[in-house]
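A short worksheet on the structure shown next.
A note on names: the letters A, B, ... follow the listed sequences, proteins ahead of strands, and every chain is numbered from 1.
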Amino acid sequence: MPEAPEVEVVRLGLASGLTGRRFAEVAVGRDRVVRRTSRTALIAGLTGARVDEVDRHGKYLIIGLDTGRSAMIHLRMSGQVLLVDGDAGAPAHTHVDARLDDGRRMLFVDPRTFGEVVVFDPMRVADEVPELARLGPDPLRDGLDLAALRAGLRSRRRALKPLLLDQSFIAGIGNIYADEICHRARLRPTRRSDGLGLAAERRLASAIVDVLREAVAAGGSTLSDAQYVGVDGRPGEFQREHRVHARPGARCSTCGRGRIRRSTVAQRGTYHCPVCQR
DNA sequence: AAACAAACCTGTGCGC
DNA sequence: TGCGCACAGGTTTGTT
């Protein structure tokens with residue numbers, strides 16, 4: 001499922017394929033993906049607009065337009081953004097088909113239709129896309145300030161994994177990377193966030209940044225359902241480097257003694273090593 | 001404040 | 001082989 005690293009790989013692809021291009025013609029196949037506003041609002045907001053920049057905050061893609069407005073795309077669980085040739089066929093579940101002034105097309109594809117596309121006014125983001133205004137820092141974009149992280153961990157008395165999944169705490173971590181980060185930091189997903197101690201807090205800060213960066217370098221994670229692909233349709237490779245997620249029974253690569261165990265934490269399938277994650 | 005559950009969807013993979 | 005059903009997951013919303 002797309003988390004910050006996967007969305008970053010998409011962002012890089014869009015930045016090279018969209019920047020400076022204009023949307024020439026926009027078709028919306030299914031109203032559900034434009035539910036925040038409307039089909040006509042998306043078409044009016046994109047058509048004729050030139051892309052100035054492609055940004056990202058957490059799992060949210062933000063396409064800055066020369067009209068002063070921005071397009072927000074969220075992939076949720078099964079969304080894909082593809083750049084294809086003008087005469088290419090559109091895959092099943094293509095809900096937005098936007099032709100560019102160079103003849104190529106940007107497609108938004110999403111079988112489960114949880115994802116969305118909306119054009120909004122960045123000056124009114126708190127009103128128009130409130131969840132975007134509530135996001136915490138993005139470790140890939142902004143880095144991670146150790147003092148701020150420590151204060152946050154201590155003030156929010158929660159289990160570690162649910163806190164990592166909280167987008168207002170840190171933006172961009174989802175179920176896969178929460179597991180991988182906890183394992184890298186050798187911390188139990190259910191460990192209380194307050195009272196970790198400086199050494200563990202440092203390990204956690206490093207793990208967050210390192211795991212996310214390594215995942216971007218590997219092109220993101222594509223699980224067996226193959227939902228995530230880049231704008232060129234290619235899957236990522238980081239799943240090969242997963243040490244715990246979706247690997248029940250595997251021998252722990254850190255301690256060599258534990259077996260990866262599956263459990264449920266915060267309503268999410270969770271994997272950890274009971275021996276070295278404390 | 002935090003934990004929990006349900007809702008939104010549909011393709012996949014399992015058990016029988 | 002075919003059918004039915006649980007499951008997956010990001011986020012919001014509502015309840016305890």
Answer yes or no: does a side-chain N or O of [X] lie under 4.0 Å from OP1 or OP2 of [N]?
{"X": "A/R158", "N": "B/dA3", "value": "yes"}
{"X": "A/R30", "N": "B/dT10", "value": "yes"}
{"X": "A/H93", "N": "B/dG11", "value": "yes"}

(message) Between A/S168 and A/R134, is there a side-chain donor-acceptor contact under 3.5 Å, judged purely by atom types and distance?
(response)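 Note: A/R134 and A/S168 side chains miss the donor-acceptor criterion.
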Between atom [atom1] in [X] and atom [atom2] in [N], what is the gap in whole Å?
{"X": "A/Q267", "N": "C/dT11", "atom1": "CD", "atom2": "P", "value": "14 Å"}
{"X": "A/L163", "N": "B/dA2", "atom1": "CG", "atom2": "P", "value": "8 Å"}
{"X": "A/K161", "N": "B/dA3", "atom1": "NZ", "atom2": "P", "value": "14 Å"}
{"X": "A/R36", "N": "C/dG10", "atom1": "CZ", "atom2": "C1'", "value": "13 Å"}
{"X": "A/R192", "N": "B/dA1", "atom1": "CZ", "atom2": "P", "value": "15 Å"}
{"X": "A/L160", "N": "B/dA3", "atom1": "CG", "atom2": "C1'", "value": "16 Å"}
{"X": "A/E6", "N": "C/dG9", "atom1": "CD", "atom2": "P", "value": "13 Å"}
{"X": "A/I173", "N": "C/dT11", "atom1": "CD1", "atom2": "P", "value": "11 Å"}

(message) Using only modelled atom types and a 3.5 angstrom limit, is any donor from either the side chain of A/R268 or the base of C/dG10 paired with an acceptor on the other?
(response)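 When only heavy-atom distances are counted, A/R268 does reach the base of C/dG10 through a donor-acceptor pair under 3.5 Å.
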(request) Go through the N and O atoms of the side chain of A/R76 and the base of B/dT10, and report whether any donor-acceptor pair is under 3.5 Å. (result)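 Under the 3.5 Å cut-off, the side chain and the base do not form any donor-acceptor pair.
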(request) Sort out for me which residue in A/M106, A/R50, A/R99, A/R105 forms a side-chain contact (heavy atoms from CB on, under 4.5 Å) with A/F23. (result) A/M106
(request) Can you tell me the pairing partner of B/dA6 across any strand shown, Watson-Crick or G-U wobble, with both distances under 3.5 angstrom? (result)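 Because both required distances fall under 3.5 Å, B/dA6 counts as paired with C/dT12.
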